[in-house]
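Below is one structure, written out as structure tokens; the observations come after it.
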Amino acid sequence: MKQILDAILAGDTPAEEFARLEVPKHYRGITVHADETGMFEGLPTQEKDPRKSLHLDDVPTPELGPGEALVAVMASAINYNTVWTSIFEPVSTFSFLKRYGKLSPLTARHDLPYHVVGSDLAGVVLRTGPGVNAWKPGDEVVAHCLSVELESPDGHNDTMLDSEQRIWGFETNFGGLAELALVKSNQLMPKPEHLTWEEAASPGLVNSTAYRQLVSANGADMKQGDVVLIWGASGGLGSYATQFALNGGAIPVCVVSSPEKAEICRAMGAELIVDRSAEGYKFWADEHTQDQKEWKRFGARIRELTGGDDPDIVFEHPGRETFGASVYVARRGGTIVTCASTSGFMHEYDNRYLWMNLKRIIGSHFANYREAWEANRLIAKGMVHPTLSRAYPLEETAQAAYDVHRNLHQGKVGVLTLAPTEGLGVRNTDLREQHLAEINRFRDR
């Protein structure tokens with residue numbers, strides 16, 4: 001592993017030298033264990049502690065198959081799916097691995113008593129399998145997390161509709177929170193040259209998800225002038241939605257939960273901000289009953305900010321806690337586009353406000369390869385920027401996941417895997433200097 005790291009840090013190692021490097025038989029990765037899936041039974045979600053279930057293990061390097069690539073991972077990041085994996089909610093991910101393992105002799109590699117997690121990476125290609133022509137050893141890459149088989153017709157207009165669509169590192173094994181990762185070659189994209197490894201690793205999942213959810217015709221198909229209500233607008237997902245809204249000529253209304261998060265939104269260029277904690281919105285009167293007076297108060301506040309306009313688009317991801325309010329405040333004919341449901345999957349809303357006002361609910365999940373590529377291209381051009389606030393060493397990944405679980409973070413939380421320190425991997429210093437303030441605006445918050 002040291003020889004691999006030295007070759008990467010040199011910055012000018014030719015492809016043929018990378019191809020000659022010996023691939024280690026084992027590597028370190030963050031795992032959950034199948035025999036611990038019941039460890040949190042009976043506990044409320046917030047009391048389940050990822051620090052107890054996430055392990056740093058030495059694991060065997062998987063066999064490389066056709067159409068695949070083995071990547072030396074310099075940095076990765078924490079997403080909410082790693083939190084779900086670590087607390088075994090809503091189900092244990094070992095059920096995903098078992099189902100995938102039954103698909104073919106090749107996928108049987110994924111059905112193991114441990115799960116190497118993580119759905120982001122920035123690193124260097126070490127090996128490619130048969131049939132891979134677009135990538136070679138030594139290529140500096142990032143990876144999106146869509147894993148597809150494309151053997152049925154369902155996914156050929158939109159690969160997210162493939163009947164065997166999965167999220168790498170969540171519904172498959174050998175994820176990115178590790179020194180090595182196994183991906184399909186059609187997950188790979190060029191690493192943005194002006195970013196460090198940890199910065200480049202952080203946008204992947206959330207940037208692509210926000211792009212499809214808000215910008216793509218498969219999502220809300222945002223246009224200039226749209227009023228876009230963005231929940232958690234300074235968070236890992238919402239911070240990219242805020243940037244897309246501003247870049248696309250829309251009008252973001254940013255919902256945050258503290259003055260510090262409001263300031264981050266202002267730093268991104270947003271002007272219309274609702275601090276829901278300061279204004280005391282409580283959309284549920286009790287565990288079973290929503291308070292429609294609070295919906296109306298919230299809607300009135302949005303109109304006050306916008307000069308009388310209701311949101312054309314509601315960018316929804318908290319789920320249960322906010323969904324009733326989201327449906328209510330969307331304009332007549334407006335769109336509520338939803339993913340994730342980090343506060344709960346069982347949504348409740350008053351259907352009168354949907355059906356009688358011709359509103360639409362659109363479900364959105366990650367992104368297809370084209371959408372992920374376009375979202376990464378915007379990062380590479382310096383038109384959208386990473387929202388990395390902090391990077392942890394690999395040994396402290398469990399603490400990083402705990403911080404995300406407890407919402408103690410801003411933006412995205414990164415993890416250094418092979419990279420020995422932060423700040424490495426920049427290849428285009430001129431472009432970086434142009435955007436340094438934007439790149440760093442989430443740092444150490």
Side-chain angles (χ1 to χ4, degrees), residues 90 209-210 212-235 237-238 241-242 244-245 248-257 265 270-365:
T209 299
R212 180 183 175 105
Q213 191 173 352
L214 189 57
V215 179
S216 170
N218 289 314
D221 199 13
M222 182 191 74
K223 66 181 186 302
Q224 294 183 55
D226 278 346
V227 174
V228 183
L229 180 70
I230 302 171
W231 293 101
S234 71
L237 189 60
T242 300
F244 287 135
I251 304 164
V253 179
C254 297
V255 185
V256 296
S257 58
C265 292
E271 297 177 355
L272 310 182
I273 298 170
V274 179
D275 183 343
R276 58 180 299 195
S277 295
E279 299 182 30
Y281 295 106
K282 296 186 182 299
F283 300 126
W284 288 80
D286 57 47
E287 186 179 349
H288 306 289
T289 310
Q290 296 198 60
D291 187 344
Q292 295 199 11
K293 290 180 181 178
E294 286 291 271
W295 298 354
K296 294 174 182 178
R297 185 166 75 92
F298 183 55
R301 177 64 174 139
I302 294 169
R303 287 181 175 178
E304 180 184 346
L305 289 170
T306 62
D309 291 333
D310 294 325
D312 299 276
I313 299 167
V314 180
F315 186 88
E316 242 293 343
H317 54 98
R320 175 176 170 79
E321 183 182 347
T322 59
F323 202 81
S326 293
V327 171
Y328 177 81
V329 301
R331 65 167 293 178
R332 181 183 293 268
T335 299
I336 303 95
V337 60
T338 179
C339 75
S341 297
T342 52
S343 71
F345 305 103
M346 299 301 290
H347 297 185
E348 295 181 23
Y349 62 92
D350 188 327
N351 197 43
R352 293 172 297 175
Y353 297 113
L354 187 81
W355 119 66
M356 295 181 72
N357 292 295
L358 293 89
K359 304 176 187 183
R360 298 182 304 154
I361 297 172
I362 296 176
S364 186
H365 183 40

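We use all heavy atoms of the structure for the numbers below, so side chains are in, but hydrogens, waters and symmetry mates are not. Fair warning: this is a prediction, and the values are worked out from it, not measured in the lab.
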Pairwise salt bridge (Lys or Arg N to Asp or Glu O under 4.0 Å) hits with a residue in residues 299-315, at least two apart: Glu279-Arg301, Arg301-Glu304, Arg303-Asp310, Asp312-Arg331
Qualifying residue for side chain to side chain contact (heavy atoms under 4.5 Å, CB included) with Ile230, from Thr242, Val256, Leu237: Thr242
Stepwise, does the side chain to side chain contact (heavy atoms under 4.5 Å, CB included) test hold for Val274 with Val253? CA-CA 7 Å; Val274 179; Val253 179; 4.3 Å; yes
Nearest heavy-atom approach of Gly319 to Ser343 is C-OG, 3.7 Å
Within this structure, what is the CZ-CZ distance for the pair Phe283 and Phe298, rounded to the nearest 0.5 Å? 5.0 Å
Closest heavy-atom contact between Glu294 and Lys282? OE1-N, 2.8 Å
Search all heavy atoms of Ser326 against all heavy atoms of Ile336 and return the closest pair with its distance. O-CG1, 3.9 Å
Over all heavy atoms of both residues, which pair between Ala340 and Phe345 is shortest? Give the atoms and the distance, please. O-CE2, 3.6 Å
Just verifying a value: how many Å separate Phe323 CZ and Glu316 CD, rounded to the nearest 0.5 Å? 5.5 Å
Counting only heavy atoms not in Glu271, do more than 12 fall under 6.0 Å of its CD? no
Name the atoms and distances for all side-chain donor-acceptor pairs under 3.5 Å in residues 222-229, with sequence neighbours left out.
unit_1: Lys223; atom_1: NZ; unit_2: Asp226; atom_2: OD1; d: 2.8
unit_1: Asp226; atom_1: OD2; unit_2: Lys223; atom_2: N; d: 2.9

Out of curiosity, Ser341 OG to Glu321 CD, how far, rounded to the nearest 0.5 Å? 11.5 Å
I need the minimum non-hydrogen distance between Arg276 and Ser257, along with the two atoms involved. CG-CA, 4.3 Å
Looking at NE2 of His317 and CH2 of Trp231, how far apart are the two atoms once the value is rounded to the nearest 0.5 Å? 9.5 Å
Test side chain to side chain contact (heavy atoms under 4.5 Å, CB included), reference Ile362, set Thr338, Val337, Asn218, output is Val337
Any donor-acceptor pair under 3.5 Å linking the side-chain atoms of Thr335 with those of Arg360? yes
Nearest heavy atoms of Gly238 and Phe315, plus distance in Å: CA-CE2, 4.3 Å
Does any non-hydrogen side-chain atom of Tyr328 lie less than 4.5 Å from one of Gln290? no
Could you state the interatomic distance from CD1 (Ile313) to CD1 (Ile251), rounded to the nearest 0.5 Å? 11.0 Å
With rounding to the nearest 0.5 angstrom, report the OG1 to OH distance, Thr322 to Tyr349. 14.0 Å
Can you confirm whether Lys293 sits close enough to Lys296 that some side-chain heavy atom of one is under 4.5 Å from a side-chain heavy atom of the other? no
